[in-house]
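The structure under discussion appears below in the form of structure tokens.
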Amino acid sequence: MKKTVLCMFLLAATGLAFALNVSKYNAKELKKSGAETFITDEESFEEFQEKYTDKIAADPLIGFFLNAGENEDFVSAIEKCGDNISEEFEEFYIRLSRQAEQFDAAYENTGYGEVDFTLKLPKNAFKPLQKTGLTIDLPSTKGVFALSADTADENNVNITLDVDYEASVVLDPAKALGKQAAESMFKDLRFSVAVYGKVYVNADNDILPADFDLDGYFDYVNSATADISIAIYGASAFNSDGTGGKVISDFTFGYKGNLTEDVIEKVVTAYGELINLFSDSETEVDEELFRSLPFTVHIGQEYYNDKNQLTYVAVDESDPYECMCKLQEVLQNVETSLNY
């Protein structure tokens, strides 16, 4: 379990994620690293990566996450946050249950049925965590599934899915670690996540029965389109023995176009390949598959000095296959740091 937590932290800290809908971080938003030497070229980048890999597992911030369950202040804050959001989740479940019960009747009577799975968390729901150094914000949590009769053809229906979820996390090592913050290479750490999607399907009425076979989905579909983006940006200020600066990273994924059987098949296959890669970083990346993906993908990683000047672009890749190779490289570095 501890290795899993550490692995996920390392991936987040290096900024590997998905994104399109969240604004990219600006170096000015980050605290100064206090470094004297900055990453300016491939040589200094590789030297730092080697030093980073050797030291990261022993960083106090890693210990903060691995031992969070033993931190009374952190556990207490989590419990208070749970109390703050429990009522909304109970109401959320009640709303969903009520809408699900009324869905069929609403569609039969009006030609329109809807299930709204939007969360409405209190503004200060996660405020107790701020004392432990964590600031969590969920500015948007919209989700709607709708079914409507096709006015142009009574034998068809329209199915829509509209999702817009965003969240951001800021970790202040000084608050989280106290005096130990001076020993940590991380001086500031931020993440943003967004999932945005609009899917529209026009299909034959026969798609509706409860015993509908998902495998035969496209036998009933007349047309289907999707506009989807999934996103996480990472940013941090870091200083390891005087070398560091600020880093902003992204791994972006999106698709806009017709949702065909071929596209779905490629998504499912690519997802399976991704899971295999996370299970075994030595897995061979399927070049033919990933070069044929009809998606927009991007991995980027930029380094800045404390004057917020861009000093080095370590990664700027948009080819799906090359992005997967870069992800594989990072996973292998993570495994090395965990002494696999």
Side-chain angles (χ1 to χ4, degrees), residues 5 8-9 11-13 15 17-26 28-31 61 64-103 106 113-146 160-178 181 186 188-199 228-236 250:
V5 173
M8 294 307 295
F9 176 84
L11 285 173
F18 295 101
L20 279 183
N21 206 32
V22 177
S23 297
K24 188 172 183 178
Y25 284 111
N26 190 301
K28 294 179 181 179
E29 299 175 56
L30 297 167
K31 295 179 180 179
L61 202 57
F64 171 81
F65 283 102
L66 294 182
N67 302 309
E70 301 171 12
N71 185 322
E72 293 183 4
D73 291 338
F74 186 81
V75 171
S76 176
I78 290 291
E79 291 174 348
K80 290 178 181 178
C81 290
D83 292 338
N84 289 342
I85 66 177
S86 61
E87 183 176 345
E88 165 55 22
F89 274 100
E90 289 176 7
E91 293 182 1
F92 176 74
Y93 175 76
I94 293 172
R95 287 199 305 272
L96 282 185
S97 299
R98 184 184 301 121
Q99 290 179 74
E101 291 173 356
Q102 298 172 347
F103 185 86
E114 177 182 284
V115 176
D116 185 341
F117 44 98
T118 300
L119 278 172
K120 303 172 183 177
L121 297 179
K123 184 177 181 180
N124 295 320
F126 300 101
K127 188 175 181 179
L129 279 170
Q130 291 181 11
K131 292 183 179 180
T132 69
L134 276 173
T135 300
I136 300 177
D137 184 30
L138 279 75
S140 176
T141 55
K142 172 188 174 183
V144 177
F145 172 83
T160 59
L161 178 65
D162 190 351
V163 178
D164 188 354
Y165 286 91
E166 293 185 23
S168 66
V169 178
V170 177
L171 175 61
D172 183 349
K175 282 188 177 181
L177 301 176
F186 296 102
D188 198 350
L189 201 57
R190 302 170 185 236
F191 311 105
S192 293
V193 182
V195 177
Y196 166 83
K198 287 188 176 181
V199 178
I228 301 170
S229 61
I230 306 172
I232 304 173
Y233 284 110
S236 67
D250 71 88

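In this text, all values refer to a predicted model and were calculated from it rather than measured experimentally.
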For the pair Y196 (side chain) and E166 (backbone), establish whether a donor and an acceptor sit closer than 3.5 Å, ignoring hydrogens and angles.
no
Can any side-chain N or O of E29 pair as donor or acceptor with the backbone N or O of N26 at less than 3.5 Å?
yes
What are the two closest non-hydrogen atoms of [X] and [Y], and how far apart are they?
X: G69; Y: V75; result: O-CG2, 3.5 Å
X: T141; Y: T118; result: O-CG2, 3.0 Å
X: K142; Y: Y165; result: O-CE1, 3.4 Å
X: Q99; Y: D116; result: OE1-N, 2.6 Å
X: A106; Y: G113; result: CB-CA, 4.4 Å
X: A125; Y: N84; result: O-ND2, 3.0 Å

Those residues at least two apart in sequence (or on a different chain) that pass side-chain hydrogen bond (donor to acceptor under 3.5 Å, both in side chains) with T135 are none
Apply side chain to side chain contact (heavy atoms under 4.5 Å, CB included) to residues L30 and Y25 and explain how you reach the verdict.
CA-CA 9 Å; L30 297 167; Y25 284 111; 5.9 Å; no
In Å, rounded to the nearest 0.5 Å, how long is the span from [atom1] of [X] to [atom2] of [Y]?
X: L134; Y: L171; atom1: CG; atom2: CG; result: 5.0 Å
X: T132; Y: L177; atom1: OG1; atom2: CG; result: 10.5 Å
X: D137; Y: S168; atom1: CG; atom2: OG; result: 4.5 Å
X: S192; Y: Y233; atom1: OG; atom2: OH; result: 9.5 Å
X: L129; Y: S76; atom1: CG; atom2: OG; result: 10.0 Å
X: S236; Y: F191; atom1: OG; atom2: CZ; result: 7.5 Å

Charged N to carboxylate O under 4.0 angstrom, R98 versus E91?
no
Less than 4.0 angstrom from a charged side-chain N to a carboxylate O is my criterion; do D172 and K31 meet it?
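Here D172 pairs with K31 in a salt bridge, since their nearest N and O are under 4.0 Å apart.
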Could you work out, with ring pair (Phe, Tyr, Trp, His ring centres under 6.0 Å) as the rule, every residue matching F145, not counting sequence neighbours?
none
Side-chain heavy atoms of E114 within contact of Q102, under 4.5 Å:
no
Take L61 and L189 through the test side chain to side chain contact (heavy atoms under 4.5 Å, CB included) and record every step on the way to the result.
CA-CA 10 Å; L61 202 57; L189 201 57; 4.0 Å; yes
Between F64 and F74, is the gap from one ring center to the other below 6.0 Å?
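Under 6.0 Å, so yes.
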Would R95 and E88 count as a salt bridge (charged side-chain N to carboxylate O under 4.0 Å, His left out) here? Give the steps.
CA-CA 10 Å; R95 287 199 305 272; E88 165 55 22; 3.0 Å; yes
Run F117 and L96 through side chain to side chain contact (heavy atoms under 4.5 Å, CB included) and show every step you take.
CA-CA 7 Å; F117 44 98; L96 282 185; 3.8 Å; yes
